[in-house]
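Owing to the predicted nature of the structure, the values given are computational and were not obtained by experimental measurement. To find a chain, count down the sequence lines: A is the first, B the second, and so on, and within it residues start at 1.
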Protein chains: 2
Amino acid sequence: MSPDRRAVRRQETKDEIIAAAWDLVRQQGLAGLALRDLAQRVGMKAPSLYSYFASKSDIYDVMFREGYLAFAAEHDDLVVEPDRTGADGATVLRRMAHRFFEFCTSDPARYQLLFQRTIPEFVPSEESYAVALDVYGRLTSQLAALGFDDPQTIDLWTALLTGLTDQQISNDPGGTRWEGLVDRAVDMFIVANAPHLLEATTRGSTP
Amino acid sequence: MSPDRRAVRRQETKDEIIAAAWDLVRQQGLAGLALRDLAQRVGMKAPSLYSYFASKSDIYDVMFREGYLAFAAEHDDLVVEPDRTGADGATVLRRMAHRFFEFCTSDPARYQLLFQRTIPEFVPSEESYAVALDVYGRLTSQLAALGFDDPQTIDLWTALLTGLTDQQISNDPGGTRWEGLVDRAVDMFIVANAPHLLEATTRGSTP
DNA sequence: GTCTATAATCTGATAGAC
DNA sequence: GTCTATCAGATTATAGAC
């Protein structure tokens, strides 16, 4: 049952190709991914890629899934139960916001692939879409643990965070113009949706 | 000095080409604009387009400028001085938000061209960029008239609005999932940034 | 102004030898 | 598994006849 060395080697090559693909889209833009360039980057000719992936869309699909898994990995250690670590709800919320903002703005091409619909010829496979849904489910669980269980409140939260990241990426790429507003945006969200979170702690204390 | 009939006819043809280009990008996506298809739509062959536009990028540029002019036209009648029309500041702010949301979500391709950087080969000309800056200046003037003169507050406002529109376009195209949150988002913004606007009027009265 | 013809280049994908 | 060779098509853009 365990994968033999041939399967391991094969998987390593696939990983190497995907890593090269990330390099390429970061450099050329998401839509600028060309199989010839990709093959060259791993020391192959273009047709050889088809031994590892069925199509270009299949490559996007693996990147899509990998991107969501990376998102989950970077957000899983977020404290879900405030009392256990001594961090209050407002602090956890600010931490979530900064983590999300950093994840998105640090790799605009990935943000584009995961959260926007800009490559018309790519539709996530059922399997990959399930991963995306699962990640979204974790997000709602974390917010529910903080007392936000209304779907509309969660939609407002995601709109607020994607708005900040989107403006940062589109209008000040590489800068910090909207990054500096993350704390203020979170405070605004708390004041309007859960003012009790602010009363329990000292305002303005951001880790 | 006045344009003769030849110049008028030429401008009409240019307008017709641009209108066809809008149709095409709405249908095929912004990046899917092909000169062959565009020419066919106006009953020409592709090379004939070069009598009217210097390049494909030039066509994008005219669309970019036209899009910002349309934005200005749809937002110019917004009441800048509340007292004159009897509408209070909160009402004007809600109106602005709905107008912006409608403008963006009603034409995602236009939103992509005007507010996102997704066509790497297109860079707005100096003239067109000036139009964009002018429109942004009008927006800040309107907000300043409502008492929002802090640049960071304005950045927060634009982040909030683009976040709502972006989520609507990306995750519920054609639906109303985030549209229904516009009023709530505006209230949140007012509560946190200008609570006095809410005290002066009855909450929840939306035109 | 509009056309035909074509340049020059790119794309994803396949067949078949080795 | 990897290659060469190639298909079949797309793209923007130009030259030059009419």
(message) If I take atom OH in residue A:Y60 and atom P in nucleotide C:dT11, what distance separates them, rounded to the nearest angstrom?
(response) 11 Å
(request) Indicate, with a heavy-atom threshold strictly under 4.0 Å, whether A:R10 touches base, sugar-phosphate, or nothing. (result) sugar-phosphate
(message) Measuring from atom CZ of B:F100 to atom CZ of B:F115, what distance do you get when rounded to the nearest 0.5 angstrom?
(response) 5.0 Å
(request) Round to a whole Å and report the spacing from CZ of A:R9 to C1' of D:dG1. (result) 12 Å
(request) May I have the distance from B:L38 (atom CG) to D:dT11 (atom C1'), rounded to whole angstrom? (result) 14 Å
(request) Would you classify B:Y52 as touching base, sugar-phosphate or nothing, given that sugar-phosphate means primed atoms plus P, OP1 and OP2, and contacts are heavy atoms under 4.0 Å? (result) sugar-phosphate
(message) Ring centres under 6.0 Å, that's the criterion: do B:W157 and B:F148 meet it?
(response) no
(request) Please work out which residues in residues 13-25 of chain B have a non-hydrogen atom less than 4.0 Å from an atom of DNA chain D and list them by number. (result) none
(request) Evaluate the ring planes of A:H75 and A:F103, with Trp represented by its six-membered ring, and classify them as parallel (under 30°), tilted (30 to 60°) or perpendicular (over 60°). (result) perpendicular
(message) Rounding to an integer number of Å, can you tell me how far B:E121 CD sits from C:dC10 P?
(response) 14 Å
(message) Could you check whether atom OH of A:Y129 has more than 12 heavy atoms from other residues, nucleotides or ligands sitting under 6.0 Å from it?
(response) no
(request) Please state how far atom OH in A:Y50 lies from atom C1' in D:dC7, giving the value in whole angstrom units. (result) 13 Å
(request) Verify the contact: side-chain N or O of B:S48 to OP1 or OP2 of C:dG1, cut-off strictly under 4.0 Å; return yes or no. (result) no
(request) Round to the nearest Å and state the distance from B:F53 atom CZ to D:dA13 atom P. (result) 13 Å
(request) Compute the ring centroids of A:Y68 and A:Y136, then answer whether they are less than 6.0 Å apart. (result) no
(message) Can you identify which nucleotide, out of C:dG12, D:dA5, C:dA5, has its nearest atom closest to the A:P47 side chain?
(response) D:dA5
(request) State whether B:K45 places a side-chain N or O below 4.0 Å from either non-bridging phosphate oxygen (OP1 or OP2) of C:dC3. (result) no
(message) Using the side-chain heavy atoms of A:L35, tell me which of these nucleotides is nearest: D:dA13, C:dG12, D:dT2.
(response) C:dG12
(request) Taking atom CD of A:E126 as the centre, report whether more than 12 heavy atoms of other residues, nucleotides or ligands fall under 6.0 Å from it. (result) no
(request) Name the closest nucleotide to the A:A34 side chain, picking from D:dT14, C:dT14, C:dG12. (result) C:dG12
(message) If I take atom CD in residue A:Q40 and atom P in nucleotide C:dT11, what distance separates them, rounded to the nearest angstrom?
(response) 11 Å
(message) Run the side chain to side chain contact (heavy atoms under 4.5 Å, CB included) test on A:R138 and A:D134 for me, step by step, so that the C-alpha distance in whole Å, both residues' side-chain angles and the decisive distance to 0.1 Å come before the verdict.
(response) CA-CA 6 Å; A:R138 289 162 188 261; A:D134 179 62; 3.2 Å; yes
(message) From CE of A:M44 over to C1' of D:dT4, roughly how many Å is that when rounded to an integer?
(response) 16 Å
(request) Look at all strands and tell whether A:L33 reaches a base, only sugar-phosphate, or nothing, counting heavy atoms closer than 4.0 Å. (result) sugar-phosphate
(request) Among the candidates D:dT11, C:dT2, C:dT4, find the nucleotide nearest to the side-chain atoms of B:R36. (result) D:dT11
